[in-house]
There are 2 protein chains.
Amino acid sequence: MTEEPRWLTDREQRAWQAYRRMFLLLNAQLARDLGQDSGLSEPDYDVLSSLGAGPRHRRRISDLADHMLWSRSRLSHHLARMEKRGLVVREECDTDGRGAIVALTEDGLLTLDQAAPLHVESVRRHFIDLLDPEQIDAFAGIGERVVNRLAPTGDDG
Amino acid sequence: MTEEPRWLTDREQRAWQAYRRMFLLLNAQLARDLGQDSGLSEPDYDVLSSLGAGPRHRRRISDLADHMLWSRSRLSHHLARMEKRGLVVREECDTDGRGAIVALTEDGLLTLDQAAPLHVESVRRHFIDLLDPEQIDAFAGIGERVVNRLAPTGDDG
DNA sequence: GACAAGTAGATGACACGTCAACCATGGCCC
DNA sequence: GGGCCATGGTTGACGTGTCATCTACTTGTC
């Protein structure tokens, strides 16, 4: 007992508890919806939509990893699983012999197009539509504050 | 294109993005701290602290699962791993032949006592202390609203 | 007390994520 | 152009989480 730790106050405790439970339950629910609606996991959807958003539905792998804040290893593993299911394909990179490119397959694109609106609805139903405009903005502010402290791409002073 | 989905507005998009990234980065950071400080994963810590909080540092397994909002399967798997490491032990339940009880070992209790203040500091550093009191309360309100819609133990009207 | 239905918990198979190790190429420097 | 390190990407091992299934016990009913 050399340094008294600053425990959490009741209000802080409440916020912390809210954080824990919200993510636990919300993630679970969104994953459930996504799986039932489209047969995708959340990571699947993230990959598909990140690819779908870019030009020509393809992207350099490390670029994609950086954009998604995923480790290269994680992405590599996940792409392997998705490639096996025919959602994406790997291609060679002309300009860098080490590099590789992932592209949506037709099937991947179709799946994404079908999944997207349902997923948006799910996000609305379980999260966005529960909050009033002020809460939306407040949440964005809070999240960005936390992220800016942690993100490799922001100054963390 | 039978039903036009209600896409997210920019502000909603911002909140949603904040949610995703906050969760991703904050969890990763807390897990990293916890692992380095105490050799525990977040789930490890959750189990230890839930046990430590109760009387006699022991608890009925299903009771613990309900409290933590974990599936019984998940808890069972995790307890197996923790038992192997000597942090907890399973005991028989006197009043219910099916049941089982988990208890902290001495080692588990010691580990928890050492981990707790460091973990609290980590939570403060990366989350709580970044927010002003209004944000704390706002966040708690948002989280509870979302949770109350999803929690099995709340009415979801 | 026997039998059906439910509950507590464990288990196996599989998807996911991390870490460390690895291989290949690229870029640099002399 | 040979040596060296950095980078892009993959792989293997392992811890974690989910679902479905299974066993054992309890409870209720007759």
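Please read all numbers here as calculations on a predicted model, not as lab measurements. Throughout, protein chains are lettered first and strands after them, A, B, ... in sequence-line order, and every chain is numbered starting at 1.
Separating the NZ atom of B:K84 from the P atom of D:dT16 is a distance of 10 Å, rounded to the nearest angstrom. One atom, CE of B:M82, and another, P of D:dC14, lie 21 Å apart when rounded to the nearest Å.
A salt bridge between B:R81 and B:D44 is absent, with no side-chain N of the basic residue lying under 4.0 Å from a carboxylate O of the acidic one. Under the 4.0 Å criterion applied to side-chain N and carboxylate O atoms, A:D66 and A:R72 are assigned as salt-bridge partners. Between A:E144 and B:R21 no salt bridge is recorded (no basic side-chain N to carboxylate O distance below 4.0 Å).
At the heavy-atom level, B:R60 lies under 4.0 Å from the strands shown only through sugar-phosphate atoms.
Among the nucleotides C:dA8, D:dG9, C:dG17, the one closest to any side-chain atom of A:H78 is C:dG17.
Between the CD atom of B:Q13 and the CH2 atom of B:W7 there is a distance of 10.0 Å, given to the nearest 0.5 Å.
Side-chain contact annotation: A:R20 with A:Q17, donor-acceptor N/O pair under 3.5 Å absent. Donor-acceptor pairing under 3.5 Å is lacking for the side chains of B:H77 and B:R74.
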Show the distances under 3.5 angstrom between N or O atoms of the protein and N or O atoms of nucleotides 10-12 of chain C.
unit_1: C:dA10; atom_1: OP1; unit_2: B:R90; atom_2: NH1; d: 2.5
unit_1: C:dA10; atom_1: OP2; unit_2: B:S76; atom_2: OG; d: 2.8
unit_1: C:dA10; atom_1: OP2; unit_2: B:R90; atom_2: NH1; d: 2.8
unit_1: C:dT11; atom_1: O4; unit_2: B:S73; atom_2: OG; d: 3.0
unit_1: C:dG12; atom_1: O6; unit_2: B:H77; atom_2: NE2; d: 2.7

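The base of D:dT26 is not paired with the side chain of B:R98 by any donor and acceptor separated by under 3.5 Å.
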